[in-house]
Amino acid sequence: MALASGVRFAERALLRPWALLRGTTLGRTEPAAGGGGDGARRFGSQRVLVEPDAASGVAVMKLRNPPVNALSLELLTELVISLEKLENDKTFRGVILTSDCPRVFCAGLDLTEICGRNPAHCAEYWKAMQELWLRTYLSSLVLVAAINGACPAGGCIIALSCDCRVLADNPKYRIGLNETLLGIIAPFWLKDTYVNTIGHRASEQALQLGSLFPPAEALQVGLVDQVVPEDQVQSTALSEMARWLAVPDHARQLTKNMMRKATADRLLRQRDADTQNFVSFVCRDSIQKSLQAYLEKLRQRKG
Ligand SMILES: CCCCCCC/C=C/C(=O)SCCNC(=O)CCNC(=O)[C@H](O)C(C)(C)COP(=O)(O)OP(=O)(O)OC[C@H]1O[C@@H](n2cnc3c(N)ncnc32)[C@H](O)[C@@H]1OP(=O)(O)O
């Protein structure tokens, strides 16, 4: 009974794939450095590199959308497709999500996707964002975030939807939801994910203040599970993965589903309204001006 409802839920979460693969090169397979058999072949796309290890059942998925892994529509799409590919391959039980770009895990929404764009584009973009969150939050795989760089806003959403987070101990690698500082508001499903992770009071403060936590504070508030020296992020993520994979899949998956279903269902019930809300908010003149000013500030900060 529990299994059947878990399966139905997972099916509902598998929403339509998009036919929007502008400029993507999905499905490419190439030998991993060091060669080897099938288990050592890497695949992926232009912006997502997947290094599968069939022997351990774990794949490392690297975001590579330089310079800062901003979540462009293409990156969102390629992430969903790569994850789906691993989920459909019974060889794999876990994924380590990390960055291929130096110093940045993920800079969050690609602001150029929502600045000066028409409502239809903003809607398409937001649906892709919802889809990635639903897919990661409800994934049957164990997802471990190996956070090897800055992790603001949308980057933090991705990390929070994993099962476990390991952050590199570098004061520049801050993590959190800083939306208010851009003049925008985290959607309810993002707020819910925050509350589920660090509790109501801490979320209330952090969301309003747009706090970006340095590693020690992120650990203290419970936003990450481990903070380790930068050169140990990957190995620690693998050790964490082993701990999670020691649990029988069906029991862990059904428990995950039980813990996360209500939060995901809330978005599934109001997905269109959430999209409309996002579009009408983000297309306001005043919000467009704030976003433009923020982007300009980022560009001028250089050097
Ligand atoms: C109802 C409304 C609901 C809205 C909910 C929305 C939920 C999610 C929101 C978001 O995710 S908003 C995005 C928030 N992200 C940030 O605030 C991060 C901004 N970036 C940075 O702080 C820094 O770039 C960094 C990530 C710490 C990296 O610093 P670094 O010094 O390594 O690089 P930079 O020189 O700053 O940047 C290089 C290059 O990249 C551009 N860029 C940076 N971030 C973004 C971005 N999010 N989108 C688009 N472009 C970005 C930056 O402008 C530079 O561009 P160039 O000058 O080289 O052209």
Side-chain angles (χ1 to χ4, degrees), residues 47 63-76 79 99-117 119 121-123 125-134 136-137 147-161 167-168 170-194 203 206-215 218 267 270-303:
R47 298 163 191 86
L63 280 62
R64 56 166 176 191
N65 193 24
V68 292
N69 280 334
L71 294 167
S72 63
L73 191 51
E74 290 86 356
L75 177 58
L76 291 171
L79 277 167
S99 167
D100 199 44
C101 295
R103 299 180 307 282
V104 184
F105 177 75
C106 169
L109 300 195
D110 183 340
L111 296 171
T112 65
E113 295 277 13
I114 54 173
C115 273
R117 301 295 197 122
H121 181 83
C122 292
Y125 180 68
W126 194 243
K127 285 179 194 162
M129 191 67 220
Q130 293 170 334
E131 184 76 13
L132 178 67
W133 177 75
L134 286 165
T136 49
Y137 200 62
I147 309 167
N148 51 351
C151 191
C156 181
I157 307 178
I158 294 180
L160 287 178
S161 59
L167 174 61
N170 181 326
K172 290 188 177 156
Y173 297 173
R174 298 191 301 157
I175 179 168
L177 300 179
N178 60 332
E179 279 78 356
T180 52
L181 300 183
L182 284 71
I184 58 178
I185 304 146
F188 68 87
W189 43 277
L190 185 44
K191 179 269 294 174
D192 290 345
T193 313
Y194 222 31
S203 297
L207 279 171
Q208 288 191 50
L209 295 172
S211 307
L212 287 172
F213 297 94
L267 174 59
Q270 331 178 32
R271 205 171 169 179
D272 289 343
D274 180 62
T275 305
Q276 280 167 24
N277 186 40
F278 173 77
V279 173
S280 63
F281 182 83
V282 99
C283 290
R284 283 185 207 167
D285 281 350
S286 59
I287 301 302
Q288 283 293 312
K289 279 192 186 125
S290 306
L291 292 174
Q292 286 290 359
Y294 187 75
L295 251 180
E296 209 42 54
K297 210 169 84 183
L298 279 176
R299 285 171 180 154
Q300 283 169 5
R301 221 171 52 134
K302 283 190 104 165

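Quick note: numbers below take in every heavy atom, side chains included, and nothing from hydrogens, waters or symmetry partners. Whatever order the structure lists ligands and atoms in, that order sets their numbers, starting from 1.
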Has ligand 1 got any nitrogen or oxygen that is less than 3.5 angstrom from a nitrogen or oxygen of [X]?
| X | answer |
| --- | --- |
| Gly154 | yes |
| Ala153 | no |
| Arg301 | yes |
| Tyr294 | yes |
| Ile157 | no |
| Val104 | no |

Kindly write out the residues that satisfy side chain to side chain contact (heavy atoms under 4.5 Å, CB included) with Asn65, not counting sequence neighbours, or none if the list is empty.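 Counting only residues at least two positions away or on another chain, Asn65 forms a side chain to side chain contact (heavy atoms under 4.5 Å, CB included) with Arg47, Asn69, Ser72, Leu75.
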List every atom of ligand 1 that sits less than 4.0 Å from any heavy atom of [X], numbering the atoms from 1 in the order shown and giving each element.
| X | result |
| --- | --- |
| Gly108 | 11 (O) |
| Pro67 | 38 (C), 39 (C), 40 (O) |
| Pro187 | 5 (C) |
| Pro152 | 18 (C) |

Considering [options], which one's heavy-atom position lies nearest to [atom]?
| atom | options | result |
| --- | --- | --- |
| atom 53 (O) of ligand 1 | Glu113, Arg299, Lys297 | Arg299 |
| atom 20 (N) of ligand 1 | Leu298, Leu111, Asn277 | Leu298 |
| atom 3 (C) of ligand 1 | Ile185, Leu295, Ile158, Ile184 | Ile185 |
| atom 46 (C) of ligand 1 | Leu71, Leu109, Val68 | Leu109 |

Between [X] and [Y], is any pair of side-chain heavy atoms under 4.5 Å apart?
| X | Y | result |
| --- | --- | --- |
| Thr180 | Gln208 | no |
| Leu182 | Leu111 | yes |
| Tyr294 | Leu181 | no |
| Leu190 | Pro187 | yes |
| Leu63 | Leu79 | yes |

Determine whether the aromatic ring centres of Trp126 and Trp189 lie less than 6.0 Å apart.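 They qualify: ring centres under 6.0 Å apart.
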Answer yes when Lys289 and Glu296 have at least one side-chain N-carboxylate O distance shorter than 4.0 Å, and no when they do not.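 The answer is no: the pair does not qualify as a salt bridge.
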Going by an N to O cut-off under 4.0 Å, is there a salt bridge joining Glu131 and Lys127?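 Looking at Glu131 and Lys127, the cut-off is not met.
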First locate atom SG of Cys122, then atom CD of Gln288, and finally report the distance between them rounded to the nearest 0.5 Å.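 Cys122 SG to Gln288 CD: 6.5 Å, rounded to 0.5 Å.
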Please report the interatomic distance OH(Tyr125) to CG(Leu73), rounded to the nearest 0.5 Å.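 Atom-to-atom, Tyr125:OH and Leu73:CG are 8.0 Å apart.
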Report the part of [X] (side chain from C-beta onward, or backbone N, CA, C, O) that has a heavy atom under 4.0 Å from ligand 1; answer both or neither where that applies.
| X | value |
| --- | --- |
| Leu182 | side chain |
| Ala107 | both |
| Trp126 | side chain |
| Asp110 | both |
| Leu181 | neither |

Let me know which of Ile184, Ile114, Ile185 forms a side chain to side chain contact (heavy atoms under 4.5 Å, CB included) with Phe278.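 Answer after filtering Ile184, Ile114, Ile185: Ile114.
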Can Asn178 be said to touch ligand 1, with heavy atoms closer than 4.0 Å?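 Checking ligand 1 against Asn178, which is what was asked, there is a heavy-atom contact under 4.0 Å.
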